[in-house]
Q: 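Got a structure for you, written out below as structure tokens; questions coming shortly.
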Amino acid sequence: MRSRARPALCLMLGWVALLWVLEGVDTVSGGALDSFGIQPREPAELVDVVPAAFVHFGFAHLVANTVPLLLLGFVAALRSGVRRFLAVVLLIALTSGLGVWFTAAPGSNTAGVSGVIFGLFGYLLVRGFIERSLLDIGIGLVIGALYGSILWGALPTDSHISWQGHLFGLIGGVLAAFVFRERARAGAAGPVVGPVT
């Protein structure tokens with residue numbers, strides 16, 4: 001696991017740094033990057049389903065997402081390895097973004113990495129049970145205790161928050177835990193057969 005720690009940390013620090021640079025560009029340009037948000041049911045907006053996760057509506061929005069992304073992302077990358085982690089994040093971003101595109105309120109514009117955060121939360125919460133790993137079950141329980149209250153954000157309780165992005169991100173994370181489970185890959189290789197005597 002030590003061999004995974006450095007790449008996982010570098011990846012997450014680089015990702016967060018990129019988000020801050022992009023928000024700086026967005027601020028200096030008067031919100032030019034906000035157009036990469038998702039406007040629902042507009043066919044041309046489908047290209048923004050993934051880029052929307054890299055754009056925020058102001059630094060306060062980004063600040064709220066920075067620590068959860070760093071922590072959950074680091075733990076997920078550490079436990080999964082960087083390559084599998086990137087596949088997990090892509091699936092979460094697609095699920096969250098498409099969920100927003102299909103279900104968000106007309107005329108809304110949705111952006112931010114919170115859908116991915118909810119997805120990583122869901123991924124870490126269930127992967128231990130799917131992998132049948134006591135260590136990962138323990139990690140999931142700790143993550144649940146630390147961040148379980150965010151589940152309220154997946155409910156339609158605040159019209160100013162994209163509960164759709166949160167809910168579909170959470171669904172994407174659980175889906176990713178099944179799709180990218182290590183036990184399935186190991187089983188797919190089949191039994192090891194020795195030489196016939």
Side-chain angles (χ1 to χ4, degrees), residues 1-16 49-50 52-53 64-103 110 112-158 161-192:
M1 188 158 50
R2 286 184 180 180
S3 63
R4 291 179 173 180
R6 185 183 179 91
L9 182 59
C10 289
L11 173 64
M12 293 315 302
L13 289 175
W15 186 357
V16 169
V49 161
V50 172
N65 285 335
T66 294
V67 173
L69 177 63
L70 264 176
L71 177 62
L72 298 177
F74 174 72
V75 174
L78 180 65
R79 295 302 301 149
S80 303
V82 167
R83 287 180 62 186
R84 188 158 64 121
F85 170 76
L86 291 174
V88 165
V89 168
L90 179 59
L91 179 56
I92 292 169
L94 284 170
T95 306
S96 176
L98 287 172
V100 167
W101 189 85
F102 277 109
T103 67
T110 302
V113 76
S114 58
V116 172
I117 291 170
F118 273 73
L120 291 173
F121 172 81
Y123 175 73
L124 290 170
L125 202 63
V126 304
R127 77 179 296 269
F129 295 98
I130 294 167
E131 303 283 0
R132 298 180 187 175
S133 163
L134 288 177
L135 175 58
D136 288 309
I137 289 171
I139 290 172
L141 292 174
V142 171
I143 292 298
L146 288 174
Y147 285 103
S149 62
I150 71 170
L151 290 173
W152 290 108
L155 300 174
T157 56
D158 188 338
I161 295 175
S162 175
W163 63 269
Q164 298 95 336
H166 297 170
L167 176 61
F168 283 98
L170 185 65
I171 292 169
V174 173
L175 179 62
F178 281 96
V179 171
F180 298 110
R181 63 191 183 275
E182 290 180 2
R183 291 177 62 83
R185 284 208 321 247
V192 177

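If you read the sequence from its start, that first residue is 1, and numbering goes on from there.
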Q: Nearest 0.5 Å please: distance from the CZ atom of F74 over to the CG atom of L69.
A: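 So the gap between those two atoms works out to 13.0 Å.
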
Q: Compare every heavy atom of A52 with every heavy atom of T110, then report the nearest pair and how far apart it is.
A: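 Smallest interatomic distance, heavy atoms only, reads O-CB, 3.8 Å.
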
Q: Under 3.5 Å, sequence neighbours excluded: what are the donor-acceptor pairs made by side chains of residues 121-130?
A:
unit_1: Y123; atom_1: OH; unit_2: S80; atom_2: OG; d: 2.6
unit_1: Y123; atom_1: OH; unit_2: R127; atom_2: NE; d: 3.3
unit_1: R127; atom_1: NH1; unit_2: D136; atom_2: OD1; d: 3.0
unit_1: R127; atom_1: NH1; unit_2: D136; atom_2: OD2; d: 3.1

Q: Just how far is it from atom CD1 of I143 to atom CG of L120, taken to the nearest 0.5 Å?
A: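 Going from the CD1 atom of I143 to the CG atom of L120 covers 9.5 Å.
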
Q: At their closest point, which heavy atom of P7 faces which heavy atom of S3, and how far apart are they?
A: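 Answer, listing the atom of P7 first, then S3: CD-O, 3.3 Å.
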
Q: Assess the residue pair L167 and T103 against the criterion (side-chain contact (heavy atoms from CB on, under 4.5 Å)); give the C-alpha distance rounded to whole Å, side-chain angles, the decisive distance to 0.1 Å, and a yes or no.
A: CA-CA 11 Å; L167 176 61; T103 67; over 6 Å; no

Q: How far does CZ of R4 sit from CG of L11, to the nearest 0.5 angstrom?
A: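 It comes to 13.5 Å.
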
Q: Rounded to the nearest 0.5 Å, what separates atom OG in S96 from atom CD in Q164?
A: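 The distance works out to 9.5 Å.
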
Q: Report the C-alpha separation of F168 and L98 in whole Å, then their side-chain angles, then the decisive distance to 0.1 Å, and conclude whether the side-chain contact (heavy atoms from CB on, under 4.5 Å) test is met.
A: CA-CA 8 Å; F168 283 98; L98 287 172; over 6 Å; no

Q: Could you tell me whether the side chain of L13 reaches within less than 4.5 Å of the side chain of L70, counting heavy atoms only?
A: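 The answer is yes, as the side chains (C-beta and beyond) meet within the 4.5 Å cut-off.
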
Q: Checking Y147 against I117 for the side-chain contact (heavy atoms from CB on, under 4.5 Å) test, could you report, in this order, the C-alpha distance in whole Å, the side-chain angles of both residues, the deciding distance, and whether it holds?
A: CA-CA 10 Å; Y147 285 103; I117 291 170; over 6 Å; no

Q: Look up atom CD1 in I150 and atom OG in S114, then write down how far apart they are to the nearest 0.5 Å.
A: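 Nearest 0.5 Å value for the CD1-OG distance: 9.0 Å.
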
Q: In Å, rounded to the nearest 0.5 Å, how long is the span from CZ of F85 to CG of L78?
A: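 Those atoms lie 11.0 Å apart.
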
Q: Could you report the tightest heavy-atom contact between S133 and R79, atom names first, then the distance?
A: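 For S133 versus R79, the nearest heavy atoms are OG-NH2, 4.4 Å.
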
Q: Within the distance-only criterion (no hydrogens, no angle test), does the side chain of E131 pair as donor or acceptor with the backbone N or O of E182 below 3.5 angstrom?
A: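 Yes; at least one donor-acceptor contact below 3.5 Å.
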
Q: Between G115 and I92, which heavy-atom pair has the shortest distance, and what is it?
A: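 Looking at all heavy atoms of both residues, the shortest contact is O-CG2, 3.7 Å.
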
Q: What's the shortest heavy-atom distance between V49 and G97, and which atoms?
A: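 Nearest heavy atoms, V49 then G97: CG1-CA, 3.6 Å.
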
